[in-house]
Chemist: 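Let me give you the structure first, and then I'll get to my questions.
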Amino acid sequence: MSHDDAMSHEDPRTTPPRPGPARRGFLPEPLARLLTHEARVFKSFGLWITRRRHQVGPADRAFGYARPQAATVYGLAFVCVVETVGVSFLVREWPAVHAALFVLDLYTVLLVLGMQAAAVTRPHVLTPDALRLRAGARADLIIPLAHIARVRAELRFQGAGGAAPEGVLELPVGSQTSLTVELTEPVTHVQLLGGRREVTAVRFHADESAELAKALRAATAG
């Protein structure tokens, strides 16, 4: 199990990830968080290849959510590869330009595939006392089960009903969400670049949404 997000004296499965102290000290927080995000994306390849999942304990239940975006991600990666071949042919007479563009295109392909690797290896996690919702390496929200008031299975498409209401966090996959969790009190969501907002409801997707809804209702009953 990877422990790249663990902090001293903190349970990594109940603490949202943050940039390391060295990066916080020498770089602006948004840039440090962006670099940390990309590092986690690339680390996900190791988990993906070895078929492991990030911080899922033996008593936890993992629920994937990457299925709706898989075709889009692989299609985009294929387009990037085709573009790389075409551009390499066009600039073959300028070795320096060819090398620079090849490195940039290769990085882009790896980043695109890394997004899928992060989504596959960082599933939602239901622990004995919390629901951990994730969106690849981009978002990580811990919701204590005691704060969950209601769970609804409902298919929503991003943008179909306008902007999300105040206090509602949306974590769509393939422009859709399939579950809504309403809370008894706000929890703090730390955004990718460090912004913070209080949320009282979360809309998200799970591939097995009915199973997750059933498990959440059982975990929060009584």
Chemist: So does Tyr74 have more than 12 non-hydrogen atoms from other groups sitting under 6.0 Å from OH?
Modeler: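 Yes, the 6.0 Å shell around OH holds more than 12 heavy atoms from other groups.
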Chemist: Can you measure from OG (Ser175) to CD (Gln69) and round to the nearest 0.5 angstrom?
Modeler: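 Rounded to the nearest 0.5 Å, the OG-CD separation comes out at 10.0 Å.
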Chemist: Is the shortest side-chain heavy-atom distance between Thr108 and Glu83 below 4.5 Å?
Modeler: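 Thr108 vs Glu83: side chains apart.
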Chemist: In Å and rounded to the nearest 0.5 Å, what is the CG to SG distance from Leu113 to Cys80?
Modeler: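 Separation between the atoms: 8.5 Å.
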Chemist: To the nearest 0.5 Å, how far apart are CZ in Arg138 and CG in Leu193?
Modeler: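 The CZ atom of Arg138 sits 11.0 Å away from the CG atom of Leu193.
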Chemist: Measure the spacing between CD1 of Ile143 and NE2 of His189 and express it to the nearest 0.5 Å.
Modeler: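 If we round to the nearest 0.5 Å, Ile143:CD1 and His189:NE2 are 10.5 Å apart.
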Chemist: Indicate yes or no: at least one non-hydrogen side-chain atom of Gln158 is less than 4.5 angstrom from one of Arg203.
Modeler: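 Heavy-atom side-chain distance check fails, nothing below 4.5 Å.
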Chemist: Spell out, yes or no, whether Val112 and Leu101 are grouped together once hydrophobic residues are joined by side-chain heavy atoms under 4.5 Å, including indirect joins.
Modeler: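 No, no single cluster joins them.
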Chemist: Going only through I, L, V, M, F, W and Y residues with side-chain contacts under 4.5 Å, is there a path from Tyr65 to Met115?
Modeler: no
Chemist: Do the side chains of Leu171 and Arg134 get nearer than 4.5 Å, heavy atoms only?
Modeler: no
Chemist: If every non-hydrogen atom of Arg53 is compared with every non-hydrogen atom of Ala62, which pair is closest and at what distance?
Modeler: NH1-CB, 3.1 Å
Chemist: At their closest point, which heavy atom of Gly194 faces which heavy atom of Glu29, and how far apart are they?
Modeler: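 Distance-wise, the nearest heavy atoms are CA-OE2, 4.1 Å.
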Chemist: For residues Ser178 and Leu212, determine if any side-chain heavy atom of one lies less than 4.5 Å from a side-chain heavy atom of the other.
Modeler: no
Chemist: If the threshold is 4.0 Å, N to carboxylate O, is there a salt bridge linking Glu211 and Arg61?
Modeler: yes
Chemist: Without swapping roles, check the side chain of Arg52 against the backbone of Thr121 for a donor-acceptor pair under 3.5 Å.
Modeler: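 No; judged by distance alone, with no hydrogens or angles, the pair does not exist.
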Chemist: Is Leu106 reachable from Leu104 through a run of hydrophobic residues whose side-chain heavy atoms are each under 4.5 Å from the next?
Modeler: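 Per the 4.5 Å side-chain linkage, Leu104 and Leu106 are not co-clustered.
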Chemist: Using the rule that Ile, Leu, Val, Met, Phe, Trp and Tyr join whenever any side-chain heavy atoms are under 4.5 Å apart, tell me whether Leu145 and Leu183 fall into a single cluster.
Modeler: yes
Chemist: Under the side-chain contact (heavy atoms from CB on, under 4.5 Å) criterion, do Leu169 and Leu141 qualify, and how do the steps go?
Modeler: CA-CA 10 Å; Leu169 172 65; Leu141 179 67; 3.8 Å; yes
Chemist: Any chance you could measure Gln116, atom CD, to Thr72, atom OG1, to the nearest 0.5 Å?
Modeler: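 Nearest 0.5 Å value for the CD-OG1 distance: 9.5 Å.
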Chemist: Are any non-hydrogen side-chain atoms of Val41 and His37 less than 4.5 angstrom apart?
Modeler: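 Counting from C-beta outward, Val41 and His37 do come under 4.5 Å.
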Chemist: Can you name the nearest heavy-atom pair linking Phe45 to Gly114, along with the distance?
Modeler: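 Answer, listing the atom of Phe45 first, then Gly114: CZ-N, 3.4 Å.
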Chemist: Are Phe102 and Val81 grouped together when hydrophobic residues (ILVMFWY) are joined by side-chain heavy atoms under 4.5 angstrom apart?
Modeler: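 Yes; tracing contacts between hydrophobic side chains, which count when under 4.5 Å, links both residues.
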Chemist: State whether the side chain of Thr127 and the backbone N or O of Asp129 hold a donor-acceptor pair below 3.5 Å, judged by distance alone.
Modeler: yes
Chemist: Is the gap between the ring centers of Phe42 and Tyr107 under 6.0 Å?
Modeler: yes
Chemist: Nearest heavy-atom pair of Pro68 and Gln176: which atoms, and what distance?
Modeler: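 Heavy atoms only, the tightest pair is CG-NE2, 3.9 Å.
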Chemist: Run the side-chain contact (heavy atoms from CB on, under 4.5 Å) test on Thr180 and Val151 for me, step by step, so that the C-alpha distance in whole Å, both residues' side-chain angles and the decisive distance to 0.1 Å come before the verdict.
Modeler: CA-CA 6 Å; Thr180 299; Val151 181; over 6 Å; no
Chemist: For Arg51, is the CZ atom crowded, meaning more than 12 foreign heavy atoms sit under 6.0 Å from it?
Modeler: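 For Arg51, atom CZ is not crowded (no more than 12 foreign heavy atoms under 6.0 Å).
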Chemist: Has Ser44 got a side-chain atom pairing as donor or acceptor with Arg40's backbone, closer than 3.5 angstrom?
Modeler: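 Checked: pair present.
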Chemist: Given Gln55 and Arg132, is the side-chain contact (heavy atoms from CB on, under 4.5 Å) satisfied, shown in steps?
Modeler: CA-CA 10 Å; Gln55 294 180 355; Arg132 184 176 188 176; 2.9 Å; yes
Chemist: Would you please test Val181 and Leu179 for side-chain contact (heavy atoms from CB on, under 4.5 Å) and show each step?
Modeler: CA-CA 7 Å; Val181 170; Leu179 287 167; 5.6 Å; no
Chemist: Check whether any side-chain heavy atom of Ile148 lies under 4.5 Å from a side-chain heavy atom of Thr184, and answer yes or no.
Modeler: no
Chemist: Measuring only between side-chain heavy atoms, which start at C-beta, is Val173 closer than 4.5 Å to Asp207?
Modeler: no
Chemist: Is it true that Arg33 and Gln191 share a donor-acceptor pair across their side chains at a distance under 3.5 Å?
Modeler: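 Their side chains do not contain a donor-acceptor pair, so the 3.5 Å distance test is not met.
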Chemist: Please check this pair: side chain of Arg92 against backbone of Phe89, looking for a donor-acceptor N/O pair closer than 3.5 Å.
Modeler: yes
Chemist: Which pair of non-hydrogen atoms, one from Val187 and one from Pro144, has the smallest distance, and what is that distance?
Modeler: CG1-CD, 4.3 Å
Chemist: Using atom types as modelled and distance alone, determine if a side-chain donor or acceptor of His124 lies under 3.5 Å from a backbone N or O of His205.
Modeler: yes
Chemist: Which atoms form the tightest heavy-atom contact between Val56 and Asp60, and what is the distance?
Modeler: C-OD2, 3.9 Å
Chemist: Can you tell if the side chain of Val199 reaches within under 4.5 Å of the side chain of Val168, non-hydrogen atoms only?
Modeler: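 Of all side-chain heavy-atom pairs linking Val168 with Val199, none is under 4.5 Å.
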